[in-house]
Structure formats: structure tokens, C-alpha cells
Amino acid sequence: MADTHSNSTNDSSENPAISLDFIRQRVTDDVAAGKHGARVQTRFPPEPNGYLHIGHAKAICLNFGLAAEFGGKCNLRMDDTNPLAEDTEYVESIKADVQWLGFQWDGPVYYASDYFPALYEMAEKLILAGQAYVCSLNVEQVRQYRGSWNSPGRNSPDRDRPISENLELFRRMKAGEFPDGSYTLRAKIDMAAPNMNLRDPALYRIRHAHHHRTGDQWCIYPTYDFAHGQSDSLEGITHSICTLEFEDHRPLYDWFLEQLGIHRPQQIEFARLNLTNTVMSKRRLLELVKQGLVAGWSDPRMPTICGLRRRGYTPQALRQFCAAIGVTKFNSTTPMARLEEALRHDLNETAGRVMAVLEPLKVVIENIPADQVELRTAANHPAKPEFGTREIPFGREIYIERSDFMENAPKSFFRLQPGGEVRLRFAYVIKCHEVKKDPDTGEIVELRCTYDPETAGGKTSDGRKIKGTIHWVSAAHAVDAEVRLYENLLLVESLAEVEDGEDWKNQLNPASLRVLRGCKLESSLRQARVGQSFQFERNGYFCLDSEDSTAQALVFNRSVSLREAADKSA
RNA sequence: UGCCUGGUGGUGUAAUGGUAGCACAGCAGAUUUUGAUUCUGCUUGUCUAGGUUCGAAUCCUAGCCGGGUAACCA
């Protein structure tokens, strides 16, 4: 997929830091020591059972970034050892998301399933070496035999099965002679090991299931532990980076490679990303999608890569964010505001400015004839002349934001009020002298104003100060559109605050999506393309919705609001 | 309760025995035709207790607190 964001990039903040994080430090040391022939090869190994999210982006930036910085390579490998959960739909989305983020894997996409034959051979090798056996215990029995943290486990009654019998049974498992769950192949390590992962872990289980790539070729599938390290090894990975929960698996990862006598990558664990006010677990994300609580994986409220993309996040902003949060082993939580700030930082530099009125209030400028239209020149970026200018029509009837007018305004309010003046951005100063209301509801329906012809461009001829400047759109030229405003998905910062037994979905923010219809946009927005970001002046950064917008019915998403001064009135 | 692992301002993250810095947030001010941006300044921190050392966030000991971990998930 192409980088659909046409705005120019600004990756200056992605320059290599002066200080290295602990992983980069370690890789630096390894290279200096000539380990693995001073070669650096990483991999990003997602399981294709869901869509990638911002947490994966951290891992992607780390793995691909590391490879790039050390002149190495990074593979993309689908960790597809569980046919029950995986699907090609996910494979395709993962590839698209990685590329959109701006990374390209080395060579073809790899699959753990490509190694099923090799893995099978390794399993037989372990059986022959007396280090693996076929066990007939069921799930419940295995749990009981495993013991607990305080008590050692007991050996399986099948632990001392003769090698020849193990081999025969394993081959029959492969041949499909047994039903699911009837046998497993287990490593023979130590049922009293303090590390539970070493208490004879399962290597293979029987699953008469259709695999998204190997079809019905196999009915036994390797477990994560048996597949991951060896896959790394087969690909010549030097540094196998994963998240903290795999720390306890490292001894097992190393054990397999040592027993098999094959290339030994170094597993290094880092803390996964936690973000406030959102959900990140695949299970919960899937729950939102399945229950229709969001409009699919790409709902702009989702922390998925495709959701963020549709929301208007740029690859640059995401990469900058990942670089800024750093890599450690400390279990931290990053405020959502930090992510939003990364987007603003990028878009402030790259997004062209336009005017759009989200909640329109009609203003009639009485001293302009009905048929008069004047073109005003507007800068496309206040600080970047190279963005050029555009002509915007100005006439008798315009729309301004309802919130930019107040009848009984406090002193701190410096936009439009009865008898007061305000500057129309790029146009003239207007003065309000009449407020028209709906006789029944009392709602303000129209403002009658006059403009000062001596204030072309907004500068007064007599030197009087005009404090407020508001945006506006010519009523005769405005384009109607739907605009979607987004807020945090969750009301609470963390789901840890949810009490046991309570449905976490009670914490979903009812205001996470607010749809505004009949918004009045500057006509240039008709030419907006998917992937292009704009700043609607004073309102925030917006982009065309990639799924629901049509030429007849434009739909814009607010990517992120502008920062607002704390004391802003009204 | 075992094992693994971590603890630096409000939130993150540097300092690799030698001035505790940076970012985000917050506060105050300047500039501003976006209450944006930009710029300036400020507040707030080494989990605790001992020890080693001329000198400790860093090394040692003990404690305290947090996270992970007992799928035929990954």
C-alpha cells in the first residue's frame, strides 16, 4: 500500500538519540564483540489473529529501526502455529500496516507454518535423543500433574515410555490416527523446576483443523514455545526481541536451541506499550468489533493501526511517538495526550489551513449588496509562505461558529457579542447590532451585522484594537459536510480501575463519537483526497473519511483538536 | 507461597562512580489576523535503611512496593 499521506514528512525528531536504550546498547556491544559475525538481524513476528495496534507499532519501530540503524535486516514472520485463530484477512492487514508505517521487510514474508516440516524433524530428533515423549494426559490431568508454585509437579505416567514407542505414537499422531486432545508431545525437562515453563512443556498438540496456509496437510501443530525460537534460528535472527511476559520462556527458548545444537539468537524482552483511556488487548478489541460497539477494526476510535490511519494519524507521527516513548523494562503507562501531541507536532508542520464552520450560525452583513462577492486572499499556512495562498469568496451572507457569538459575554470573551466587533479571518471587521431569535424556542437563528470597509485584510484604519479573530465561510459558496468528532474510547484511564465482576464495557465513553451534520466548509475542500490532512482553523486537524465519504456526501474526521488555552471562555 | 523482573518530578525517559538533564503535562509571561503555532521563565524527582567511596540514582546488604508467571494461546 502506498503512503497515502501526501503531506511532506518531518522526521527530524527520529534522529538517533545521543543515549541508547538498553536494547540498542546491548546490540551495540554484541556488534563490537563480533557476536554473530557482527551481524544484526531482527524480526517482527505477529500472530495473524487480529489487527495490528499502536502497541505493535512500538515493536515494529524497534525491530525495523534496529535493523536499519545497524545495517542489518528485519524479517516479517507470521507466527501462525494455531490454525483455530488465524486467518489470511489478518495476514493482509498486517502487511499493509507495516508498509504504511514506512517499513519494508527483508525478502519474502515468512511464516512459522513454512517450518512445519523442519519443526517436525526437530521433534523426532528430540524423541530420539530421549528428550521428548508422547503423553496421554488430558488438559485437566496435565494441570494437576504440573503442581503449583509451591509444590513440584509429578512425572507423567508416560514419561518413561520407550523411545521407539514415542516415535511410533508421534508418527501416528501426525498420520491423524488420534482425536484432538488425546495425546501431546512433551519435552522431558524437569517437573520440579521452579520455572513452570520447564515442567515438561507441550511441543505438539493434535488439532484436526484447517490451517490458513497449509490447509489440511497437518493435524498436529507445534506450540509457540517449540516453534518460535527454532523459527528465529532457521532465519538466522541474531536478536529476538519480545515483550516482558516472555521473560520466563527464555530458559525454554534457549533449551530447545541448545538440545538441537542450532544457531542461537538472543531473546531480549522489553515492556509493552500501555496507553490511557483505551483498550489494547486483542480480546477486548475483538469484543468491540464483534458486538458492533465500534464500526469495525478501522473505526477511528480504535487504537489499531488502520483505525489511527483512518482517523488521520500519519506514519511520521506514529514513528515519532514510538521514538519519543523510549524502550525500557519498566511497566509504564503513556498518557493518550502524548500520542495526540505527536500528531499535532507533525500536522502543524504539514497540514494546510482551511476554514470550516462546524456548528453554523448565519450572519447577514447588511451593508454588502446581495449580489456582491469579493475574493479574499488567504494564506495556506501562517508560518510557511511556500504553502501559497488561495482565494476565498466573501459576500453578504456568511456562517460563523455558534460558539463564537455570545449574548451576555463575560469580560474574558473576546469574540462576537451584541454591539461588539470581531475580525473575520482574512477579511474585515464586523459589528453585530441585532440578534434574531426563533420566537418559539428562543434559539438564535441569525445575526445582523455591518462590516467596516476600511478594515480590508483585518487591519483597522484608525488604529483601534480588535482582539478577536474568528473563522467564517461564505454561505453562497459553502460545501455541506458531515463531520465526526472523536474522544477517548474509555472514560477511565485504565481498566484496572474497573471493579471485579463489572463489565469493562460500562466504561466506554458515550461521547467517543459525535456526529455533526450540515457543517459548512470552504469550497476548496471539495478537492480533498483521502490521506490528506487539513487544519480547520481554530477547530483542529481533519481528514476525509476513507470509507464513508462520497463526492455527494462529504464526511470528515477530526484527527485531533487544537490545543486550547485553559482559561478560554464559553 | 516459588520463580522471573522492575522502582528517577504529575507522566514517561536520560545520566554507564563525578553539576540529576530532556520530553509531555501544569503554571506564569512575550509574540500572534487561529484563545493555535512560536519564544522565555518557573514548580515538582533518585522507594527505604544501612554500608563501600574523597564522591552513589549508579556498587554491596537488608527491607518495602509494583509487574509477569501455574493454555494442548501467543
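Each chain gets a letter, A, B and so on, in the order the sequences are listed, and its residues count up from 1.
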Do NZ/NE/NH1/NH2 and the carboxylate oxygens of A:Lys431 and A:Asp452 come within less than 4.0 Å?
no

Atom-pair distance (CD on A:Glu269; P on B:A74), nearest Å:
18 Å

Looking only at N and O atoms, is any donor in the side chain of A:Asp248 or the base of B:G68 less than 3.5 Å from an acceptor on the other one?
yes

Can we say A:Asp114 and A:Arg77 salt-bridge, meaning some charged N sits less than 4.0 Å from an Asp/Glu carboxylate O?
no

Tell me what A:His249 touches on the nucleic acid: a base, only sugar-phosphate, or nothing, going by heavy atoms under 4.0 Å.
base

Can a salt bridge be assigned to the pair A:Glu269 and A:Arg250 using a cut-off of 4.0 Å between side-chain N and carboxylate O?
yes

For the side chain of A:Arg563, counting heavy atoms from C-beta on, which of B:U34, B:A36, B:C72 is nearest?
B:A36

A:Tyr224 has a side chain; which of B:A14, B:G2, B:A74 sits nearest to it?
B:A74

Taking only the side-chain heavy atoms of A:Arg207 (C-beta and beyond), determine which of B:C72, B:C73, B:A74 contains the nearest atom.
B:C73

Measure CE/A:Met78 against P/B:A74 and give the value in whole Å, please.
16 Å

With heavy atoms under 4.0 Å as the rule, sort A:Ser148 into base, sugar-phosphate or nothing.
base

Grab the CE-P distance between A:Met196 and B:U1 for me, whole Å please.
15 Å

Provide the Watson-Crick or G-U wobble partner of B:G18, both distances under 3.5 Å; none if there is no partner.
B:C54

Could A:Arg376 and A:Tyr428 be counted as a cation-pi pair, given that NZ or CZ must be under 6.0 Å from the ring centre and within 45° of the axis?
yes

Using a 4.0 Å heavy-atom cut-off, does A:Ala383 contact any base of the nucleic acid, only the sugar-phosphate backbone, or nothing at all?
nothing

Report, as yes or no, whether the 6.0 Å neighbourhood of atom CZ on A:Arg272 holds more than 12 heavy atoms from other residues, nucleotides or ligands.
no

What's the gap between B:U46 and B:A20 when it is taken at their C1' atoms, as a whole Å value?
8 Å

Nearest listed nucleotide, side chain of A:Glu341, among B:G35, B:U8, B:C24
B:C24

Can you tell me the Watson-Crick or wobble partner of B:A74, both distances under 3.5 angstrom?
none

